[in-house]
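As structure tokens, the structure follows; a few thoughts come after it.
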There are 2 protein chains.
Amino acid sequence: MGAKGQQGRKPRADVQRNRAALLEAAQRHFLRVGVGASLEAVAKEAGVGPATLYRHFPTREALLAAVLQTRSEELVARQEDIALLGDASEALRQWLRALEEYFSAFSGLPEPLMAAVREREPDNPLTLPCDELIATTDEYVRAAQLAGHARPSVKGYDLYLAAVSVAWIKGSGATDEESLDRLRALIESGYREQDGEE
Amino acid sequence: MGAKGQQGRKPRADVQRNRAALLEAAQRHFLRVGVGASLEAVAKEAGVGPATLYRHFPTREALLAAVLQTRSEELVARQEDIALLGDASEALRQWLRALEEYFSAFSGLPEPLMAAVREREPDNPLTLPCDELIATTDEYVRAAQLAGHARPSVKGYDLYLAAVSVAWIKGSGATDEESLDRLRALIESGYREQDGEE
DNA sequence: GACTTGACCGGAGGCAGCCTCCGTTTTAAG
DNA sequence: CTTAAAACGGAGGCTGCCTCCGGTCAAGTC
């Protein structure tokens, strides 16, 4: 994974330092004001010029994808916890909840995520991670279907969309946690096989 | 309803003309590029200066609310059709579908609608119409619950949120109609009482 | 330790959109 | 026709996006 040692020249020290500073500043700004944060402000807080930011991350999506990388690893860790459950139904439920939290990391995150799925061109650095999440969701759905806990008509993509939607509503700030819980319950009773196991 | 004749001065002719031109231009732009359209471009197309647009509609939301007024009347008309059904379950279903279409009028419309519900201050001209739609949805839900076609735990606001969400996903353009149909089915089987009438 | 070289940096600046002041024009009324 | 209030619209300040391009700095060389 780390085998990049094929260049004659060693990577410059300031490059990595700047990149790290940019990522940190970007994360702070995204947390405070959402994914629409001013990139110039991010650069200034990182102590670099605008051009340096754009050289490291050509688009807002590229910066966002790099910042999300950290959180993405948390998701993988969650998957290992979930794998210990054994119960496919509970696993699906917890995975959907983890997805929703991931999508809620920054205000306004759902928009670029949906845009990344729309544009099938791979120039969007968010497309690949999104496709992986969709595939993973589908695996959980299939497992739950095999165990008879999910309707056969449901696809992983559907529940992925549902999770993004809930995150979008949560991020819009118009709704209290109680309403969100009712919405989650509605979705759950929508995909569950209704043989009523408990 | 039209009794505004209490001013000594007749309203100026150019005011109404400009207002109409602005609304028409705004609708065209909203349809073409979404609610984020450049207001300067709208003003230019309407043949007025930027200041005139802002005098008539102090905020983007005010302009949006005025443009939506027309569509809102269509929704009222739909309600009359729906009232003829008699079947509370089918009425709720059709109302939700009408809501979703209304929310899909322009790309990006769901965002300001959610923001209008968030800010409880009445300075947002979208807040009032939204609250009315939520109340109407709740009436349909209650009727369906009385007929035993909807779970008692479901609130009108929940299904309002669900309709906005579907419209948001549709507007993001990342999804084909087939996926949207599965999503709608998921929501429906989520709020329906499961005694399986058909 | 000084030199070379190429990768890297960052400020300046063009562009677009938002919004507002204020001098000018239009309009209804007398 | 005169008048005065109401409305108009261009100019301009502001912010953010993104890109040149001349200067700078670090890695490798002697």
Side-chain angles (χ1 to χ4, degrees), chain A residues 4-26 28-30 32-67 106-108 111-112 115 123-125, chain B residues 4-26 28-30 32-64 66 106-108 111-112 115 123-125:
Chain A
K4 69 163 71 169
Q6 57 179 352
Q7 294 295 338
R9 212 172 246 266
K10 223 186 295 181
R12 287 175 58 154
D14 51 349
V15 170
Q16 296 185 332
R17 190 160 19 92
N18 283 337
R19 182 187 160 90
L22 281 168
L23 285 177
E24 207 170 326
R28 269 197 300 272
H29 278 252
F30 287 162
R32 199 178 321 133
V33 300
V35 298
S38 160
L39 296 186
E40 292 200 340
V42 169
K44 184 178 291 184
E45 182 165 316
V48 304
T52 298
L53 186 153
Y54 284 102
R55 200 172 305 112
H56 280 275
F57 308 102
T59 66
R60 184 181 296 273
E61 285 72 34
L63 178 58
L64 192 53
V67 172
F106 312 121
S107 148
E111 257 89 355
D123 63 347
N124 188 327
Chain B
K4 69 162 74 171
Q6 57 181 353
Q7 294 296 339
R9 211 173 249 266
K10 221 186 295 179
R12 287 173 58 154
D14 52 352
V15 170
Q16 296 186 333
R17 190 160 18 93
N18 284 336
R19 181 186 161 91
L22 281 168
L23 285 177
E24 208 169 327
R28 269 197 300 271
H29 279 250
F30 287 161
R32 198 180 322 134
V33 298
V35 297
S38 160
L39 297 186
E40 291 199 338
V42 170
K44 184 179 291 184
E45 182 165 316
V48 303
T52 298
L53 187 153
Y54 285 102
R55 201 172 304 114
H56 279 274
F57 308 102
T59 66
R60 185 181 294 273
E61 284 73 34
L63 178 57
L64 192 53
F106 313 120
S107 147
E111 258 88 356
D123 63 344
N124 189 325

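Proteins get letters first, then strands, A, B, ... in listed order; numbering begins at 1 in each.
When rounded to the nearest whole Å, the span between CZ of B/Arg9 and P of D/dA6 equals 7 Å. The CG-P distance, from A/Leu39 to D/dC18, rounds to 7 Å in whole Å. As a whole-Å value, the separation of B/Asn18 CG from D/dC8 C1' is 8 Å.
Pairs of residues two or more places apart, or lying in two chains, never qualify as salt bridge (Lys or Arg N to Asp or Glu O under 4.0 Å) while including a residue from residues 46-64 of chain A.
OP1 or OP2 of D/dC8 has at least one side-chain nitrogen or oxygen of B/Arg55 nearer than 4.0 Å. For B/His56, a side-chain nitrogen or oxygen approaches OP1 or OP2 of D/dC8 to under 4.0 Å. OP1 or OP2 of D/dC17 has at least one side-chain nitrogen or oxygen of A/Ser38 nearer than 4.0 Å.
Nearest heavy atoms, B/Leu22 versus B/Ala46: CD2-CB, 3.7 Å. Here the closest heavy-atom approach between residue A/Gly108 and residue A/Val35 is recorded as O-CG2, 3.2 Å. The two residues B/Ala66 and B/Phe57 come nearest to each other via the heavy atoms CB-CE2, 3.7 Å. Considering all non-hydrogen atoms of both residues, A/Ala43 and A/Gly49 come closest at CB-O, 3.9 Å.
Between A/Val42 and the options A/Glu24, A/Arg28, A/His29, a side-chain contact (heavy atoms from CB on, under 4.5 Å) holds for only A/His29.
Looking at heavy-atom distances under 4.0 Å, B/Arg60 makes contact with sugar-phosphate atoms alone, never a base. A/Gly47 comes within 4.0 angstrom of the backbone, heavy atoms only, and of no base. Within 4.0 Å (heavy atoms only), B/Ala13 reaches sugar-phosphate atoms of the nucleic acid but no base atom.
Defining each end axis of the helix from C/dG1-D/dC30 to C/dG30-D/dC1 as the rotation carrying four pairs' C1' atoms onto the next four, with five pairs an end, the two axes are found to diverge by 0° to 10 degrees.
Side chain B/Arg12 to base D/dA7: no donor-acceptor pair is found below 3.5 Å.
From the 5' end on, the contacts that DNA chain C makes with chain B at under 4.0 Å to a non-hydrogen atom open and close at C/dG17 to C/dA29.
The nearest heavy atom of DNA chain C to B/Asp14 and to A/Ala51 marks one nucleotide each, and the one closer to the 5' end goes with A/Ala51. Nearest-nucleotide positions on DNA chain D place B/Arg19 closer to the 5' end than the other of B/Glu40 and B/Arg19. Nearest-nucleotide assignment on DNA chain C puts the 5′-proximal partner with A/Val48, out of B/Thr59 and A/Val48.
By the 4.5 Å heavy-atom criterion applied to side chains, A/His56 and A/Leu63 are not counted as neighbours.
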Requested in this report: Check the pair B/Leu64, B/Phe106 against side-chain contact (heavy atoms from CB on, under 4.5 Å), reporting the backbone distance first and the verdict last.
Outcome: CA-CA 10 Å; B/Leu64 192 53; B/Phe106 313 120; 4.2 Å; yes
